[in-house]
Number of protein chains: 2
Amino acid sequence: MTPTPEWSATPKGEATASRILDVALDQFSRLGFERVTLGGIAQAAAVSQPTLHYHFQDKAHLWRSAMLALAAVIAEEERLMDAARDMPAIVQLRMAMRLFLQISWKHPALGRIVALEGMAGGERLEWLDRHLIGPRNRRLAQIVREAIAAGDLKPFPPEQLVITLQAAAAGVINLAPLLRAGFGVDPEAPAARAAHDDMILEAVLGGFLTEKSRATREQTT
Amino acid sequence: MTPTPEWSATPKGEATASRILDVALDQFSRLGFERVTLGGIAQAAAVSQPTLHYHFQDKAHLWRSAMLALAAVIAEEERLMDAARDMPAIVQLRMAMRLFLQISWKHPALGRIVALEGMAGGERLEWLDRHLIGPRNRRLAQIVREAIAAGDLKPFPPEQLVITLQAAAAGVINLAPLLRAGFGVDPEAPAARAAHDDMILEAVLGGFLTEKSRATREQTT
DNA sequence: AGATTTCCTGATTTCATAGTCAGGAACCGG
DNA sequence: CCGGTTCCTGACTATGAAATCAGGAAATCT
């Protein structure tokens, strides 16, 4: 009766479904929901368009299924952060930024999706907030609050601070096409990646540190 | 024969055309080209849908016309930057950031458009690079290069540095819906705006300054 | 091998939206 | 008051993309 759950749990056509999800995630994150056509995804995944409807009921389900692939990434991040729960807030924040950069390079779709839907608002943003980025952001804001209280971070509004850190860290990654078009630079080249990570941790995060914290920075590898 | 140029130059229906452009710019910048429907714009502008075709041939023309409204903003910015051409690069950069923040608050569409099309790539990004943001970005990169050479900025890749500064500065502004959904915070409230501007200039830009430059910062109002 | 389920497709329908067109109203200049 | 232009609209067409469905191939089981 019910041919397919949200994530196709059947062991057989799993390869096809996963291939579709990969393509879908990439396209949705670059172009946004409406710009993407099922025909386009089908073609890139080398299947027919109705196959998408077989594995995922409709476009909205496909979108959510693709997002759930990212949920696993977030969950893993959370696990690592949890392990560091007892360290000073500023150390946790630095670690969070390192993880954020790592994830952003490995799964650039996440940052793009957040940017896309975070600007547009609407129900997809609500969904993302509930299932993907909301808890993580609020946890980060809490860490920032503690780091400020400890005198390690300059006292700016924690929510804005968190979003600004993320926007700065993901900017160059998300806007890779712009860098290519405008500067002829490829930010995904290994050297550029390393320079970027340095820049974010050293200059951007560094800029938020208090003098006090700056002095004792060596603790935080 | 030719009823309408790119920007309707006729003095009569100018009010209507300008109303349409306002709505179009807002919607295009929030949702991106494909998500926007002419019917939606027409409704918001209180005209019929064919009216859009009367003033602007088709959707692509309307998009470009809407973007040209931003070109005036960029031109004015450029004029102000030109006036400061002989000041030290680091002072120019600080001024550029102030201007960027001002413009971003006043015309949030600009940052959103850049983010949207900068992630997607394609011909619209090419157009934007040529007509709107390319020259500005390259000029900024040049200023950064000079500021690094003068020992005022930490030596990170100028292109990435410029984009990161802008991404950080525009992040909270572009992602206002995300802040509302995730934190219940309104970044457009006057207090939040002031805090944000401080944060960008003090922490983010500050983080890129060398120790040397940091010491003599008072010159730069 | 035969039966059954899983997986996928071609053909078709439905629907939203971009774009067209003929005509009408409002606003002129004489 | 009247011809002409500018501005706008309702009704229509065309197109592209989402969704449906019957059917067939391929795998799996007995």
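All values below come from the heavy atoms of this structure, side chains included, with hydrogens, waters and symmetry mates left out.
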(message) What I want to check is whether the side chains of B:Gln166 and B:Asn137 have a donor and an acceptor closer together than 3.5 Å.
(response) yes

(message) I need the CG-P distance between A:Leu62 and D:dA19, as an integer number of Å.
(response) 10 Å

(request) Using a 4.0 Å heavy-atom cut-off across all strands, classify B:Thr51 as base, sugar-phosphate, or nothing. (result) base

(message) Which nucleotide wins on minimum distance to the side chain of A:Ser48, given the candidates C:dG19, D:dA18, C:dT9?
(response) C:dT9

(message) Measure NE2/B:His53 against C1'/D:dC7 and give the value in whole Å, please.
(response) 16 Å

(request) Just compare D:dA19, C:dT9, D:dT9 and give me whichever is closest to any side-chain atom of A:Lys59. (result) D:dA19

(message) From CG of B:Asp58 over to P of D:dT15, roughly how many Å is that when rounded to an integer?
(response) 16 Å

(request) Output yes when at least one side-chain N/O atom of A:Thr16 is less than 4.0 Å from OP1 or OP2 of C:dC8, else no. (result) yes

(message) What is the distance, to the nearest angstrom, from the CZ atom on B:Arg35 to the C1' atom on D:dA17?
(response) 17 Å

(message) Any donor-acceptor pair under 3.5 Å linking the side-chain atoms of B:Arg139 with those of B:Gln142?
(response) no

(message) Quick check: any donor-acceptor pair below 3.5 Å linking the side-chain of A:Gln49 to the base of D:dA19?
(response) yes

(request) Could you tell me whether the side chains of B:Gln102 and B:Asp197 share a donor-acceptor contact shorter than 3.5 Å? (result) no

(request) Return yes if some donor-acceptor pair links the side-chain N/O of B:Lys59 with the main-chain N/O of B:His53 below 3.5 Å, else return no. (result) no

(message) From the set D:dA11, C:dT17, C:dG19, return the single nucleotide nearest to any side-chain atom of B:Pro50.
(response) D:dA11

(message) Whole angstroms only, please: what is the CD-C1' distance between B:Gln57 and D:dC8?
(response) 16 Å

(request) Please determine if a side-chain N or O atom of B:His55 lies less than 4.0 Å away from the OP1 or OP2 oxygen of D:dT6. (result) no

(message) Tell me whether the rings of A:Phe28 and A:Phe33 are parallel (<30°), tilted (30 to 60°) or perpendicular (>60°).
(response) parallel

(request) Could you state the atom-to-atom distance from CG of A:Leu52 to P of C:dG10 in whole Å? (result) 13 Å

(request) Would you mind telling me which of C:dC8, C:dA18, D:dT9 lies closest to the side-chain atoms of B:Leu38? (result) C:dA18

(request) Whole angstrom is fine here: how far is it from OH in B:Tyr54 over to P in C:dA26? (result) 16 Å

(message) Expressed as a whole number of angstroms, how long is the span from A:Phe33:CZ to D:dA17:P?
(response) 14 Å

